[in-house]
Amino acid sequence: MIDSTSAAGVSRLRLTGLRAGYRHPHRAGLRWRRSPDRIVVDDVDATARAGQVTALLGPNGAGKSTLLRSVAGLQPLLSGSVGWRDPAGVEHDLLRMPARERARRTAVVLTERVDAGLLTGREVVELGRHPYLGLVSRLGADDHRLIDGVLADLHATEPAGQRFAELSDGQRQRLLLARALVTEPDVLILDEPSAFLDVGARVDLMSLLHRIARTRMITVLISTHEVELALRMADRLWLIHDHRLTSGTAQELIDQGLIADVFGTEHAVFDASTRTFGVRD
Ligand SMILES: Nc1ncnc2c1ncn2[C@@H]1O[C@H](COP(=O)(O)OP(=O)(O)OP(=O)(O)O)[C@@H](O)[C@H]1O
């Protein structure tokens, strides 16, 4: 906890003076030396509010996954802090919390394939309750009720009964989202959640994330290449470009010319009036 004087209100995630990237120790003779840091994104000051979906955009290699992993505590920050204000207005330093408490507050769904061995979909989802269990304790009736509710909500009850390894990519993604939700997190972080989904399912997923953010009052932060969809459906955008992050509403980023500049190419041109990309003649 770093401050308890903030006003109560809507909870939110706040990145302050954040620098994310990589630190590679290397061997020089008998000694280990530190190479210069590889800074991917720097000077990040941005806020994502509970009850909203914040979409993280940026071209390939801009640093979306690096930033999300850093915010989730899966790789060390080079500097700065990740704060979370709870509904009572108390500020917490998310990355300095004990690991178990952080695991309850923050749920992360990454794009890496999950090797679930012989587990069923439901057994994978049940893993999301582990931050609440002791070493030898088992899931109780309340845990099972919660899991049933989340699976029904995500229309994932049927695939949950099958072996996880035998499901389609889209079905797996739904179950990984279910696993994240049964943790009952305050902050839900998803790296490219729509990567394996067809176009209708992408829109459905965005609406679902909206509903989850609003009804559960959680902060949803997703990275996506679906720029048009994000412009239409996200409440707020974080755009990484030139190692910096600009945050704003879709209209603000469009008005600044950033969407056109960052994503436009020799052939792809952004039309601000329709908020879509077309092919340059
Ligand atoms: N382990 C690593 N060590 C050093 N540099 C890395 C490492 N992983 C990624 N990078 C570099 O960090 C930069 C950002 O990569 P990152 O995967 O975060 O981008 P991204 O925006 O998620 O890209 P994409 O849209 O293609 O998935 C890239 O230049 C990448 O080469």
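Numbering starts at 1 and runs along the sequence shown. For ligands, and for the atoms within them, numbers begin at 1 and follow the listed sequence.
- Tracing side-chain contacts under 4.5 Å through hydrophobic residues (I, L, V, M, F, W, Y), one never reaches V262 starting from L245; they form parts of separate clusters.
- Contact of the P159 side chain with the R174 side chain is not registered, since no non-hydrogen atoms from C-beta on lie closer than 4.5 Å.
- Between L188 and L177, some side-chain heavy-atom pair lies under the 4.5 Å cut-off.
- The closest side-chain heavy-atom distance from L77 to V82 is below 4.5 Å.
- Residues of the protein with a heavy atom under 4.0 Å from ligand 1 are Y22, H24, R38, V40, P59, N60, G61, A62, G63, K64, S65, T66, H225, listed by chain and number.
- Other residues, nucleotides and ligands contribute more than 12 heavy atoms inside 6.0 Å of the CZ atom of R216.
- Relative orientation of the F263 and F277 rings is perpendicular, given thresholds of 30° and 60° on the angle between their planes.
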